[in-house]
Every structure is written in structure tokens, then in C-alpha cells.
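Have a look at the structure below before the remarks.
Per chain, numbering begins at 1; letters A, B, ... match sequence-line order.
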Number of protein chains: 2
Amino acid sequence: MDGVRAESGQGRQRRREASIDDVARLAGVSGQTVSRVANGRSNVGAATRERVLAAMSELGYRPNSAARALRSGRFRSIGVIVFTLHSYGNLRTLEAVAAAATERRYTITLMPLTRPTHADVGAALDRLVEQAVDGVILLVESHLAGTDGAGLRRGIPLVVVDSWSADRPAVVDTDQFTGARLATEHLLDLGHETVRHVAGPRDSYSAGLRLQGWRDTLRARGRPVPEPIHGDWYSDSGYAAGQRLAAEPGLTAVFAANDQMALGVLRALTEARLRVPQDVSVAGFDDMPEARNFVPPLTTVHQDFTAVGATAVHALVQEIEGGPPAEYKEITPRLTVRASTGEPAVRRPGTSLPAAGG
Amino acid sequence: MDGVRAESGQGRQRRREASIDDVARLAGVSGQTVSRVANGRSNVGAATRERVLAAMSELGYRPNSAARALRSGRFRSIGVIVFTLHSYGNLRTLEAVAAAATERRYTITLMPLTRPTHADVGAALDRLVEQAVDGVILLVESHLAGTDGAGLRRGIPLVVVDSWSADRPAVVDTDQFTGARLATEHLLDLGHETVRHVAGPRDSYSAGLRLQGWRDTLRARGRPVPEPIHGDWYSDSGYAAGQRLAAEPGLTAVFAANDQMALGVLRALTEARLRVPQDVSVAGFDDMPEARNFVPPLTTVHQDFTAVGATAVHALVQEIEGGPPAEYKEITPRLTVRASTGEPAVRRPGTSLPAAGG
DNA sequence: CTCAAGAATGTTGACGTCAACATCCCTGTA
DNA sequence: TACAGGGATGTTGACGTCAACATTCTTGAG
């Protein structure tokens with residue numbers, strides 16, 4: 001048909017892309033031969049191959065991935081379900097996942113969540129399955145409380161990053177526990193009697209692990225374990241926590257569960273005229289690039305998000321391509337010491353620590 | 001590998017998803033009727049519809065998007081090409097784009113770039129076209145120097161966010177110029193003689209506009225226009241710039257082209273024992289959430305990234321669905337004043353400074 | 001009671017690709 | 001010269017969906 005309307009020459013009409021048959025016709029061969037050339041098969045004559053390639057480039061042929069997917073049942077696409085990118089860890093992990101997937105010639109289909117509930121994750125998963133992905137990476141840090149994750153099985157490979165446990169599918173994560181231990185030990189080694197903790201949200205898996213790492217370290221050394229203060233990962237909550245802490249006599253060291261909250265703590269302490277690190281030492285977790293330029297530069301636990309992302313993709317692709325489900329894998333973090341931590345000031349006689357839970 | 005293994009009953013074998021025909025058979029109707037039900041057509045008897053829906057849910061039927069795409073030529077997917085997510089603006093824009101697209105039931109295909117060169121953008125675009133998207137949003141802030149963008153036409157709708165100009169397709173952006181003017185005027189209105197500028201990279205389009213906004217404002221008021229210092233958007237470069245600025249006598253006000261660099265400036269000034277805002281006022285651009293908790297809290301230009309993302313998606317979808325190409329659209333930013341800016345010290349006798357933080 | 005009109009449902013084929021199978025032709029050996 | 005062997009190329013059909021068209025059934029006016 002001559003096209004339904006004429007209008008201006010504008011290519012408004014989704015001009016049919018050149019198909020394999022168009023190329024075949026132009027090159028004077030069969031569609032199958034074109035397909036062979038397109039897929040780099042060897043059993044095509046050199047001259048023919050040349051002719052086909054010429055025809056392809058003349059027509060600007062690109063294989064239609066929908067047709068390929070329909071035929072093969074594979075999409076070469078990975079779905080990523082993510083709640084918020086405001087949290088530095090999620091962001092970096094997503095970035096690493098995207099890079100790793102691209103390298104393997106997989107495409108990333110991003111599925112944002114409005115709420116991190118179990119129902120929403122399920123809905124997102126459904127949309128992804130429908131939307132043609134070969135596997136899914138779940139980047140939603142939270143326990144999804146009250147759930148065992150069983151409801152999330154959809155018959156396609158699933159890798160969970162930085163999240164819950166029960167009935168867990170393949171999981172990749174930073175070793176949060178060790179990271180927290182490193183930070184806490186560092187502060188104790190500097191001579192602090194104990195360390196206060198500004199924790200992440202209660203329903204967060206990694207926040208829980210960091211809290212445990214901190215608490216177990218204190219216990220192992222026989223130090224008092226003060227009540228942690230829970231924040232929501234963001235700097236405002238760190239500020240609020242910092243205000244409470246600043247009011248406590250005897251405060252000398254704070255370990256915040258991430259850098260963003262540490263920033264808020266720093267502000268609160270500074271505004272309370274407490275000097276860091278002379279009066280109070282502060283450590284964070286994540287090592288976001290900005291942490292180097294906090295005032296003062298922040299001692300923090302460095303996470304290798306690139307490794308986390310690459311590992312997650314590796315595990316997922318392996319499963320997609322027929323391998324066995326990957327097992328649990330942890331990436332080891334390391335401590336980066338900067339100016340925000342130091343030895344405690346000379347303790348004034350008679351100063352005692354606040355009681356836990358007070 | 002043991003290849004065709006038996007294993008446990010686990011559904012390891014990519015079990016064929018139920019197709020429309022499976023549902024049809026179970027419900028005792030034709031495939032077409034199932035299709036009609038699946039697409040919510042009205043011309044289906046109530047009883048039949050019930051039966052079909054029951055069969056669907058029993059089989060867990062989900063339409064195969066590859067087949068749909070093949071038949072319709074539409075994928076309901078939007079490609080997003082992005083260079084780095086380390087820049088807060090890109091991140092937020094991506095997030096907003098993803099949310100807006102999801103709302104319209106479009107999927108996001110993320111295509112990260114290893115380098116922001118013209119060739120790489122072209123390659124990414126090719127992959128996206130092939131990978132089945134209906135349109136593309138380009139989120140690569142840079143001039144892509146020496147290029148007119150013409151080479152990027154691929155016959156599919158393209159919307160460019162926050163980037164260059166020549167032969168530009170539909171473009172959405174914050175009104176960077178006005179934003180910079182707001183910040184600069186704010187500082188001048190406080191009584192500063194002039195304002196120093198820590199600019200973004202030279203090849204960045206928005207950095208250029210912010211620089212222009214700053215310069216034009218100074219000129220319009222007949223103020224001296226000092227040489228700008230160029231950074232790379234990240235806090236380290238802000239720190240370096242801040243160190244240079246701190247050494248200058250007579251420095252009273254700095255406008256950084258984004259918050260991350262402003263953070264570095266704050267650190268450098270603080271380390272040089274210059275007080276903010278008593279000695280030097282500092283303003284940023286972006287209003288990232290952390291800016292509220294800088295020390296001191298940062299006066300900055302608030303960008304409505306949500307609007308930018310939503311507008312971009314709106315424009316793109318409109319074009320995808322047959323509407324006319326959208327034209328240039330700018331989102332107006334506004335200034336958020338916090339504690340990092342104030343009157344210059346020791347101007348007139350009797351002027352009292354705000355007692356920040358204390 | 002007849003028949004037109006419209007509603008409900010079924011049948012066919014095409015979208016683009018590629019595995020499986022079918023041909024065709026060349027080469028070298030008996 | 002005849003024919004097996006193998007490489008090059010062509011033909012067919014199926015993947016799942018849905019528009020277009022075909023058929024069947026229902027209803028009510030005349």
C-alpha cells in the first residue's frame with residue numbers, strides 16, 4: 001500500500017525497518033543465508049557473505065529482537081527491581097550491575113518501586129516476567145517483614161542483593177557484619193571506651209547486620225553496649241541522632257551505619273560545638289566519594305560495589321544460561337581511615353558513660 | 001555438565017509459559033476470544049469472559065511481550081542512555097524518568113556508557129534500536145564537542161535532557177541560566193561586591209549555562225567578573241578550587257556550579273580557618289538532600305528533577321504515539337536559602353551577623 | 001413467521017527469525 | 001564415468017499475538 005496518508009515526507013509513520021527478507025531480496029539470496037551471515041555462521045560462501053553484508057549495510061538492517069526473542073524464548077535482558085536510588089549503595093550497585101550486564105551483552109530493564117512492600121515487589125516481578133527478561137536482580141534492601149520470599153518465585157532466575165534471608169534464592173552482598181566490626185574495632189583500638197551506633201532502619205537487612213557487627217564487637221571486648229539510635233539512612237535522621245548524642249556527657253565515638261547519616265551526625269556535633277575528632281570521633285559506612293570531603297574527611301568502611309554488581313550479574317547469567325543456581329557470595333569490605341577518627345581526649349576524672357538504654 | 005539432568009522435581013527446565021492457545025483450550029474457546037479478554041475488549045459474553053479469566057489464572061497466563069512486540073511493532077519500552085549516575089542531577093533525573101515511564105506502563109531499558117563520546121552514544125543508540133525500544137532519552141550532559149548531533153538520528157523518537165543544542169531534537173532541561181542568576185543575585189543582594197564561580201567542566205552544556213547566568217548577572221550589575229575556576233562536578237575538584245580561593249584576599253562569596261563541588265569548597269574554606277558564612281558565603285546548585293546537612297547547611301538552587309523527568313517522558317511518549325515532536329521545554333528552578341550565605345563581614349558598623357549554629 | 005441487524009465467537013494469516021530438513025553442485029576416488 | 005561425501009544454499013514451519021474477515025446466534029420489527 002502506498003501508505004495511508006501522504007502528509008509531508010516526515011518519517012512520522014513508523015517506517016518498517018528492513019527485515020531479513022529485504023536484505024535477502026537485495027542480495028539475491030534466501031532469508032536463511034542472511035540469517036546465517038547475521039549470526040556469523042561459517043557455512044556461507046565468501047562471495048555470498050560479502051554480498052549479504054553489503055546489502056545489510058545499504059538497508060541499515062538490524063535484527064529484530066522481538067522476533068528473535070519470540071523464536072528463541074530468550075531476551076538477553078535482565079530486570080532490576082530497585083526501590084530507591086537515594087541510598088548511595090543501591091545507586092552504585094545498580095551502576096555496577098548495568099556495566100557488568102552490558103559487558104555481557106545483556107540489557108537492563110529497570111523497574112522502580114514506589115513502596116518497598118512485598119506486594120509491590122511481586123507486582124514488579126510480574127511485570128518483568130511479562131515484559132520479557134531472562135532473570136531478575138532484586139535490589140530492595142529490606143526484610144520485607146513477615147515474608148519468607150517464597151511468594152517471589154516466578155520460575156525465572158532471581159538474584160537478591162543486599163537483602164533478606166529465609167528461602168533466599170542466590171544472594172550477593174557485602175560482608176556487612178565484618179565491615180561494622182572493622183569500624184568498631186578501629187574506634188576501640190584508638191582508645192575509646194565504647195562506641196555509639198546510629199543504625200539504619202529496623203526493617204533493613206544490612207542495617208541489622210551492621211548493628212550486629214557493632215554490638216558483637218563491643219561484647220567480645222567486654223565493653224558496655226549502649227542503646228543504638230535508629231535512623232532511616234538519610235542525613236536528616238543522622239542529624240537528629242547527632243543532636244541527641246551531642247547532649248550526652250561522655251560521648252567520644254560514634255559509628256553511623258552509612259555515610260549519609262554520618263554527615264548529619266557531623267553537623268549536629270559541630271553545631272553543638274563538639275570538635276571532630278578531638279572531642280568525638282565519627283565513622284561511617286559506604287565510602288561515598290563525598291565522604292573524602294566532609295568536614296572533617298570521614299573514616300568509613302569502603303564497599304566494593306563494583307564487585308557486588310559484577311558478582312550478581314555473573315551469578316544470574318550463569319543461572320540463565322543453564323548453570324546451577326549460584327550460592328551465597330560475600331564481598332569483603334575494608335576500612336578507610338581519615339581525619340574524623342582519633343584518640344579520645346584525655347578523660348576528665350569522674351566522667352562516666354551513660355547507661356545503656358538510658 | 002551432565003547436560004539433560006533429572007535432578008529433583010525442581011522446575012529447572014524453562015517450562016514453556018502458558019500461551020493464549022493453552023488458555024483457549026482450557027476455557028473451550030478460540031484463541032482470539034482469549035486475546036479479546038486479555039485486552040479488555042467489550043465484545044465478549046459475560047459467561048465466556050469468566051471462563052477465560054478463570055483459565056488464565058489457573059494457568060498463570062501472561063501475554064508474551066515478544067510476540068506482541070513482533071506483531072505490533074511497539075515495545076512499550078523507553079531506552080535511557082546515561083553516562084554516570086555519580087552526578088546527582090543525572091541520578092535524580094533517571095529516577096524521575098523511570099517513575100514517569102512506569103506510570104505510563106512503559107518499561108525502562110538502561111544503557112550505561114563507559115565514555116561520553118559521540119561514538120559511544122551512537123553505539124548505545126544502535127544497541128537500543130536493535131534491542132527494541134520505542135524511543136530514547138539521552139541523559140548525557142556534555143556538548144559531545146565537535147558534533148552537531150545529526151549523526152544521532154536513528155529514525156526513532158529521541159529526547160535529550162540537559163545537553164547540547166545544534167540540530168537538537170526535543171529537549172527538556174532545567175532553566176540553568178535563571179538558576180545561576182538567582183544564586184548570584186542572592187549573594188549580591190546580601191552586599192557582596194562580587195562572586196567567585198566554581199564552574200563545571202568546560203564541555204558541559206549545563207555548566208556553560210550556569211557560568212553564563214553567573215557572568216551575565218555580574219555584568220548586568222556592573223560588578224567585576226573574576227575568572228571562573230573549572231571543576232569536574234565532583235567534590236574533590238571543589239576542594240581543590242576551594243583551596244585556591246581560600247588563598248585569595250578579599251574573597252567573600254563563592255557560587256559553585258553544583259552541591260558536590262560546594263561541599264569541597266566548604267571543606268577547603270574550613271580547613272583554611274575561614275568561617276562560613278561570616279567570612280565567606282557559599283552557594284551551590286542542585287539542592288541534593290545532603291545539602292541540608294552540610295556544615296553549614298547550604299544555600300542552593302533547587303532543581304525540580306521530577307518535573308524534568310516527567311516532562312521528558314511525556315514528550316517522548318507523545319512522539320512515540322504519533323504526536324508531533326515536542327519542542328524545547330524548560331523547568332524553572334528556585335533558590336533555597338540556608339545558613340551558608342550571609343552578609344559580608346565588617347561592611348558597615350552596626351551590622352550584626354547571624355549567629356549560625358550556635 | 002421472515003429477515004435484517006448486530007452481537008458473540010471462530011478462522012486465517014502475517015509480523016521476523018532461525019532450526020530442521022531438503023536440494024544442489026562440486027570434488028575426488030574407484 | 002559413476003557416485004559418495006560434503007559444503008553451500010534454499011524451503012518450510014513454528015514461536016504467540018491479534019487485525020481482518022467469516023460465521024453463527026439472538027433479537028425484534030414488520
With sequence neighbours excluded, residues passing salt bridge (Lys or Arg N to Asp or Glu O under 4.0 Å) with Arg105(A): none

Rounded (10°) bend between the five-pair end axes of the helix from dC1(C)-dG30(D) to dA30(C)-dT1(D): 60°

Nucleotides 11-18 of chain D: protein proximity per nucleotide (B base, S sugar-phosphate only, - neither; heavy atom, under 4.0 Å): B-BBBBBB

Test side-chain contact (heavy atoms from CB on, under 4.5 Å) applied to Ala55(B) - qualifying residues, sequence neighbours left out: Val23(B), Leu26(B), Ala27(B)

Qualifying salt bridge (Lys or Arg N to Asp or Glu O under 4.0 Å) pairs with a residue from residues 90-102 of chain B, counting only residues at least two apart or across chains: Arg92(B)-Glu95(B)

Residue pairs involving residues 44-61 of chain B (criterion side-chain hydrogen bond (donor to acceptor under 3.5 Å, both in side chains); sequence neighbours excluded): none

Pairing residues for Arg104(A) by the side chain to side chain donor-acceptor pair (under 3.5 Å) criterion, not counting sequence neighbours: His314(A)

Pairing residues for Tyr106(A) by the ring pair (Phe, Tyr, Trp, His ring centres under 6.0 Å) criterion, not counting sequence neighbours: none

side-chain contact (heavy atoms from CB on, under 4.5 Å) partners of Ala98(A), counting only residues at least two apart: Ile108(A), Leu110(B), Pro112(B)

DNA chain C contacts among residues 47-60 of chain A, heavy-atom distance under 4.0 Å: none

Side chain to side chain donor-acceptor pair (under 3.5 Å) involving Thr109(A) - partner list, sequence neighbours excluded: Ser77(A)

side-chain contact (heavy atoms from CB on, under 4.5 Å) partners of Asp21(A), counting only residues at least two apart: Ser19(A), Arg25(A)

Sub-4.5 Å side-chain heavy-atom contact between Met56(B) and Val37(B): yes

